[in-house]
Amino acid sequence: MKSRYVDTDARAYAEEVRQRASETLALRTYTSRLLGADPALVVHGGGNTSAKGVERDILGQPTNVLYIKGSGWDLATIEPAGLPAVRLEPLQKLRALDAMTDEAMVNELRLNLLDATAPTPSVETLLHAFLPGRFIDHTHADAVLALADQPDAEKVCRSVFGPNMVWVPYVMPGFALAKQCAAAYDAAVASGRTPAVIVLERHGIFTLGETAKASYEAMIDAVTLAERYIDDARRTASFAASPRLQGLDGPVLPRLRGALARLAGQPRERGPVLSVRATDAILAFLKRPDVNDLVEAGCATPDHVIRTKPTALLVTAPDYGDLDALAKRFEEEIVRYARIYDAYVDAMIAEKRVKKTRLDPWPRVILLPGFGLCAVGKTQREADVTADVYEHTIDVMSNAADVGRYAPVGRSDLFDMEYWSLEQAKVKKTTPLPLAGAIAVVTGAASGIGLATVERFLGLGAHVAMLDRDGAALEAAHGALAKSHAPELLPIVADVTSWKDVSAAFADVVARFGGIDVVVSNAGTAPEGRLDEESGDDALRRSLDVNLLAHNHVARAAADVMLAQRTGGCLLFNASKSAFNPGPGFGPYAVAKSALIALMRQHAIDLGGHGIRANAVNADRIRTSLFAGGVAESRAAARGLSVDDYFTANLLRREVTARDVADAFAYLAGARATTGCVVTVDGGNAAAFPR
Ligand code: ZN
């Protein structure tokens, strides 16, 4: 592993943040980011760093402080504000206590913050405070864990890191670990050693230094030693990955997602979001003869239990050829996993005589040989984080087994971590947003009603695939929304008149999110023309392609996924008031839209037995690109109105907007007892009342 420290970068960063950070804090922030930049050192909020420095209090008095990572910050993106200053001496005095609850400890940490609004300092703060190093770095580096998770880890680590290493047997993070670590360090100093590396059994590594660079580079050096040891000691050749079985996302993921949703009792048309990984390392791991034992052994470091649960669910030898059997197998395996988990929680609660809020028993990581790793989350962000964490777990497991035996922290300790009082405090009953857990597809998503619907759905908690044939417009629309919603969005350029495009786009949505619950088939055109003329006849043919047949491509591709999930589904079509109240010279449009209403009703009839609903929105006169290029002027003239009067000529005398239509789609996406229905969004048009 190479050091990423660059003197000129460090100085430039210190200069950049000079207004808001002392040099010590600036350099601490700089090297924290260097650690965070390498996922082989820390992933997603893992690890922590500190520095000891001096700040002036409100009276101008110099005060010794500890800058320590605040909770909620990630080392990869940390800012000086993410390393709040805590008064050092009051923390160091706490070492005199024999014991301290986690709640009391957090209280002391918060009481001694210089800024009362700063984030709560890391639970490993006292460990940093009790040790002498001016800069201290802590990671859960993959290579170090592969050694610290061995049955004879102390012996292995001593042979790798030398006599100056401080060894700390496993203790749960918190006050007891801080005291034990400081005692082990002091004992090493008393015996005449100058320790720079502290290894925590089955947990991770700390390094110390007088400068930010020294402490960071001590970490890099230690990890490099561990990597070299692994390379030399590897007894077996790495397992070769066979190529991933192709074309399985479509059949596999909706069946897995549906089983997870049904068993967890989620409402229909909702489910978890999946994140799939299928690297060579993962596929090779799933082929190992010892894969079952490794997976059963559990988390590589206790922190990870919050993301992955104690173990993953490994489905051995799945039969991808028989999809009905596969769906049944998923259900059986998930139920079995949940039973084992519940029994484990019961046993721990009885054994430890504690009262705890029981957490759900469903797996977070599902391993499918030949296919890959599927992480499960409430959101794509959550699923991606879990997938990242487990990818590193696989790395640690493989290396540990190749150089010895993988023997990580046991179930009892994992229980203490998963059911830790500070974690339990975060378990709250929250009311989910109406479209949380819904994966939606919107066509014609780059502008107008489609874009308004995407925005509305995102605001209600949905994940949304944006389909549009105009790549540039889609890129612009997606770019603007992605600033705050990147993980929940998937832009796909597709022409809905092409079945090939539509089926490929739906496959992409399934591969990214794991399934589909709601489809808003919105893309359309507004061709004018008289049907008794040749040009009108041609326009009708083109209109039927876009305004009728393309909608069926979308419905067909969606139904395929929804039937595999067996959790119902919602098909929504953007029809038009023209379906009921055609206008003069607008036949190509009106005929196709009337047929679209018929198409919607047919799907409602054919798919209702599977819980799949089909509904339409009849909007009228929305100022969108449909009316560009003179169509608005022409339609207004056909009704003998000015353009502005044309847009407000309704019972409510109110212009109807794209957002009004988006609201109707959002309503129907939650109207679970409604199918075969047309909702009008036209400001009131008696001639177009549905009948
Ligand atoms: Zn740690």
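Both counts, for ligands and for their atoms, begin at 1 and track the order of listing. Nothing fancy with the numbering, it's 1 onward along the sequence. What you see is a predicted model; the values in this text were computed from it and never measured.
A donor-acceptor contact closer than 3.5 angstrom is absent between the side chains of Thr24 and Lys52. For Ser215 and Asp137, the side-chain atoms include at least one donor-acceptor pair closer than 3.5 Å.
Aromatic ring centres of His138 and His203: separated by under 6.0 Å.
Judged as a salt bridge (Lys or Arg N to Asp or Glu O under 4.0 Å), the pairs with a partner in residues 376-392 (not counting sequence neighbours) are, in order, Arg277-Asp384, Arg277-Asp388, Arg277-Glu391, Arg381-Glu488, Asp384-Arg512. A side chain to side chain donor-acceptor pair (under 3.5 Å) check over residues 80-93, counting only residues at least two apart or in different chains, returns the pairs Asn64-Glu89.
Residues passing the side chain to side chain donor-acceptor pair (under 3.5 Å) test with Trp420 are Asp102, sequence neighbours excluded.
Excluding waters, the protein N/O/S atoms found under 2.8 Å from the Zn ion (ligand 1) are His138 NE2, His140 NE2, His203 NE2.
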